[in-house]
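Inspection log for the structure reproduced underneath, given as C-alpha cells.
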Amino acid sequence: MDLIARLRAGLPGEAILTDPDVTGSYANDMASFCEAGTPAVVVLPRTVEQVQHIMRTATELRVPVVPQGARTGLSGAANASDGCIVLSLVKMDRIIEINPVDRIAVVEPGVINAVLSRAVNEHGLYYPPDPSSWEECSIGGNIGTASGGLCCVKYGVTAEYVLGLDVVLADGRLLTCGRRTAKGVAGYDLTRLFVGSEGSLGIVVRAVLALKPEPPGQLALAAEFPSTDAACEAVCEIMARGHAPSLLELMDRTSIRAVNDMAQMGLPDSTEALLLAAFDTPEPAADLAAVGALCTAAGATEVVPAETAAESDLLLQARRLTLTALERVKSATMIDDVCVPRSRLAEMLDGTAAIAEKYDLTIGVCAHAGDGNTHPTVCFDAADPDESRRARESFDDIMALGLQLGGTITGEHGVGVLKKEWLARELGPVGVELQRGIKEVFDPLGILNPGKLF
C-alpha cells in the first residue's frame, strides 16, 4: 500500500493535500538562506488519534515527518525535506480548559498565542510569553522553539510555563509527561526536554500551561542616549539595583533611523540609542522615576516618562515598528537572536556595528536588553549575489561574536537549518554526542524533522 493510500485509511479526505501547487506553499518558514525540499504530502489532522495514525504510517514506510505550526519561525526548523510528510498542526486549535484555581490552561498546539492570551485575560489571568509574532504564531511552535518576547526580562520564556505535555512519539505511541500541579519532581524532566526540541523528538498534541494573575497595566518611559555604551551602562545599573521592569528594550542608531524614516517619530538625529523601560507594579510611576534617574546618571540626554497607558503605547510604538522599518531598507533581512550576558551587551552592540562596517551592510539592532537577547537584523539585496554572500558571512560573524562574549547562538528563534553548524560549536563534541544519543532514543529511525539541529 502506498503512502497516500495508507494515510487515507485513517484520515478524512480533506486532511490530506497532494496538489503540488498547494503542498509547495508549505515547504518553508520565514527564514532566509535555508534550503527546503518538496514534500510528498501535507496532512492536517484534527485529533490525537489522527496524529498517531500518521506517525505509525511514517514509521512503517520509513517516511520522514516535518511538524509545522504557523510557519512564522526564523531558523528553517519547519522547512520540508524531499519526499516528507508535512504534518501541519494548525487545525488542532482548541483551548480545552482554563482553570483559574489551578492557574493552568490546557491547549492544543495550533492555538494562536494572542488568542490564548486574550482568553485567559477574561478570567483575570495572564499568559506571559509574547513573541513579536504573537498574533500569528502558535503555541506548538512556541514550545518547539522555546520562544520568548518583550516581557521575558520579568516573566521568563515559554519553557518556564510548560507544565505538562501529551506527545505522539515517532512510532505512534502517546506519551504523557509533566503535571497539572504547582509542584512535581517525579523522574527525569521529559517535559522540559521537548521544549525547544523543534519537533525532533515527538509531536506535541496537548500542553498544560502555567498562568499568572493578570498584572496591572504598565507605564513606560523612553530615554535617549548619545551612545550605545551609555544606554548599556544604564541597563546594567537598572538590573544591578534590583529593579524588575516588565519590559526593557534597546534600539540602536540604525533602527532608530529606519523607524524615523518610515513613521516620522521625531527622534533627534543625535540619538545613538533609545532605551525603553516599563513597569507593571502597583506604583509604576515611582519605579519609572527611579529608573529615569539611573538613565540620566548614565548620560541620557532626555528621559520621557509616560503618565497614562495611552502615552506608554505611544512611547513603545517605535520598538514595535522596528522590524517592519528595517524590512523597508532592503529587499531581504536576516534576523539573528544572539543572547549574551547583560554585562557584555555593549560589547555585542559595538561588535555588531564593526561587522556592519566590515561588510559594508546595514545592520540594525534592537534588543531585549533586560535579558541580553539581541536581534541584529542584516538588511541586504537578495538579487545581488555579492551582497547576499556578505550578508551570510556577517550573520556568521555575529554568532561568533556572541559565543566569544560568553553567549549563545539563539535566545528564542531556535536552531533549525540556519544555525545547526553553530550549535555544534556551542555544545562541543561531548554535548553533541549526548544530544544525538537522546535523539536516537526517541527517534531511532531518524524520521522526525531530519536535517534540523544536527
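The backbone N or O of C339 sits nowhere less than 3.5 Å from a side-chain atom of T408 that would complete a donor-acceptor pair. Without hydrogens or angle criteria, K330 side chain to A382 main chain gives no donor-acceptor distance under 3.5 Å. Side-chain atoms of N373 do not come within 3.5 Å of backbone N or O of H368 as any donor-acceptor pair. Without hydrogens or angle criteria, S133 side chain to E136 main chain gives no donor-acceptor distance under 3.5 Å. Remark: side-chain polar atoms of D337 are paired, donor with acceptor, to backbone N or O of G411 under 3.5 angstrom. For K439 (side chain) and S200 (main-chain N/O), a donor-acceptor pair under 3.5 Å exists by modelled atom type. A donor-acceptor pair under 3.5 Å links the side-chain atoms of E198 to the main chain of V415, judged by distance alone. In terms of modelled atom types and a separation under 3.5 Å, the side chain of N449 and the main chain of K452 share no donor-acceptor contact. Under the 3.5 Å distance criterion, the side-chain polar atoms of N79 are matched with a main-chain donor or acceptor of D29. Using a distance-only test at 3.5 Å, with no hydrogens or angles considered, no donor-acceptor pair links the side chain of K419 to the main chain of S75.
The side-chain heavy atoms of I256 and M265, taken from C-beta on, include no pair separated by under 4.5 Å. Proximity of I95 to V115: side-chain heavy atoms (C-beta onward) are separated by under 4.5 Å at one or more points. Within the 4.5 Å cutoff, side-chain heavy atoms of K212 are placed close to those of Y161. The side-chain heavy atoms of R179 and V208, taken from C-beta on, include no pair separated by under 4.5 Å. The shortest distance between side-chain heavy atoms of T191 and L163 does not fall below 4.5 Å. Residues F442 and V167 are not in side-chain contact: their nearest non-hydrogen atoms beyond the backbone lie 4.5 Å or more apart. A heavy-atom distance below 4.5 Å is found between the side chains of R180 and N99. Contact of the V48 side chain with the D166 side chain is not registered, since no non-hydrogen atoms from C-beta on lie closer than 4.5 Å.
Atom CD of E327 and atom OG1 of T333 lie 5.0 Å apart (nearest 0.5 Å). Once rounded to the nearest 0.5 Å, the distance linking NE2 of H243 with CD of E237 reads 9.5 Å. Interatomic distance, C366 SG to L274 CG, rounded to the nearest 0.5 Å: 11.5 Å. Atom CD1 in I98 sits 6.5 Å away from atom CG in L116 (nearest 0.5 Å). The CG atom of L423 lies 9.5 Å from the OG1 atom of T410; values are rounded to the nearest 0.5 Å. Rounded to the nearest 0.5 angstrom, M334 CE and C379 SG are separated by 11.5 Å.
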Could you go through L89 and I203, starting from their C-alpha distance and side-chain angles, then the distance that decides it, and tell me whether this counts as side chain to side chain contact (heavy atoms under 4.5 Å, CB included)?
CA-CA 9 Å; L89 295 154; I203 312 297; 3.9 Å; yes
Worked verdict on L247 versus L316 for side chain to side chain contact (heavy atoms under 4.5 Å, CB included):
CA-CA 10 Å; L247 175 149; L316 297 176; 3.9 Å; yes
CA sep, side-chain torsions, deciding dist, call: Y26, R71, side chain to side chain contact (heavy atoms under 4.5 Å, CB included):
CA-CA 8 Å; Y26 286 82; R71 293 184 293 117; 4.1 Å; yes
Would T254 and V329 count as a side chain to side chain contact (heavy atoms under 4.5 Å, CB included) here? Give the steps.
CA-CA 10 Å; T254 301; V329 173; over 6 Å; no
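Taking every heavy atom of both residues into account, C236 and S343 meet most closely at SG-CA, 4.1 Å. Nearest heavy-atom pair across M92 and P45 is CG-O, 3.3 Å. Between D371 and R342, the shortest heavy-atom contact is CA-NH1, 3.9 Å. Across every non-hydrogen atom of A285 and L219, the tightest pair is N-CD1, 4.3 Å. Heavy-atom minimum distance, A424 versus V432: CA-CG2, 3.8 Å. Scanning all heavy atoms of the two residues, the minimum distance from L248 to V153 falls at N-CG1, 4.0 Å.
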Between side-chain atoms of residues 137-152 and protein atoms elsewhere (two or more places apart, or another chain), which donor-acceptor pairs fall under 3.5 Å?
unit_1: S138; atom_1: OG; unit_2: G141; atom_2: N; d: 3.2
unit_1: N142; atom_1: OD1; unit_2: N113; atom_2: ND2; d: 2.9
unit_1: N142; atom_1: ND2; unit_2: S138; atom_2: O; d: 3.2
unit_1: N142; atom_1: ND2; unit_2: S147; atom_2: OG; d: 3.4
unit_1: T145; atom_1: OG1; unit_2: G141; atom_2: O; d: 3.0
unit_1: S147; atom_1: OG; unit_2: T158; atom_2: OG1; d: 3.4

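Salt-bridge annotation for E421 and R425: present, with a side-chain N of the basic residue lying under 4.0 Å from a carboxylate O of the acidic one. Taking the charged nitrogens against the carboxylate oxygens, E108 and R46 have no contact shorter than 4.0 Å, which rules out a salt bridge. Here D261 does not pair with R257 in a salt bridge; the nearest charged N to carboxylate O distance is not below 4.0 Å.
No close placement of the Y359 and F380 rings is indicated, their centers lying 6.0 Å or farther apart. Between F395 and F33, a ring centre-to-centre spacing not shorter than 6.0 Å is recorded.
Atom NZ of K420 has more than 12 neighbouring heavy atoms from other residues, nucleotides or ligands inside a 6.0 Å radius. The number of heavy atoms from other shown groups lying within 6.0 Å of CE (M30) does not exceed 12. A 6.0 Å sphere centred on CD of E97 holds more than 12 heavy atoms belonging to other residues, nucleotides or ligands.
The aromatic rings of H413 and H375 sit parallel to each other, their planes meeting at less than 30°, with 60° as the upper class boundary.
When only modelled atom types and interatomic distance are considered, S394 and D397 share no side-chain donor-acceptor pair under 3.5 Å. When only modelled atom types and interatomic distance are considered, Q218 and S312 share no side-chain donor-acceptor pair under 3.5 Å. Side-chain contact check for D336 and T374: no donor-acceptor pair (N or O, by modelled atom type) lies under 3.5 Å.
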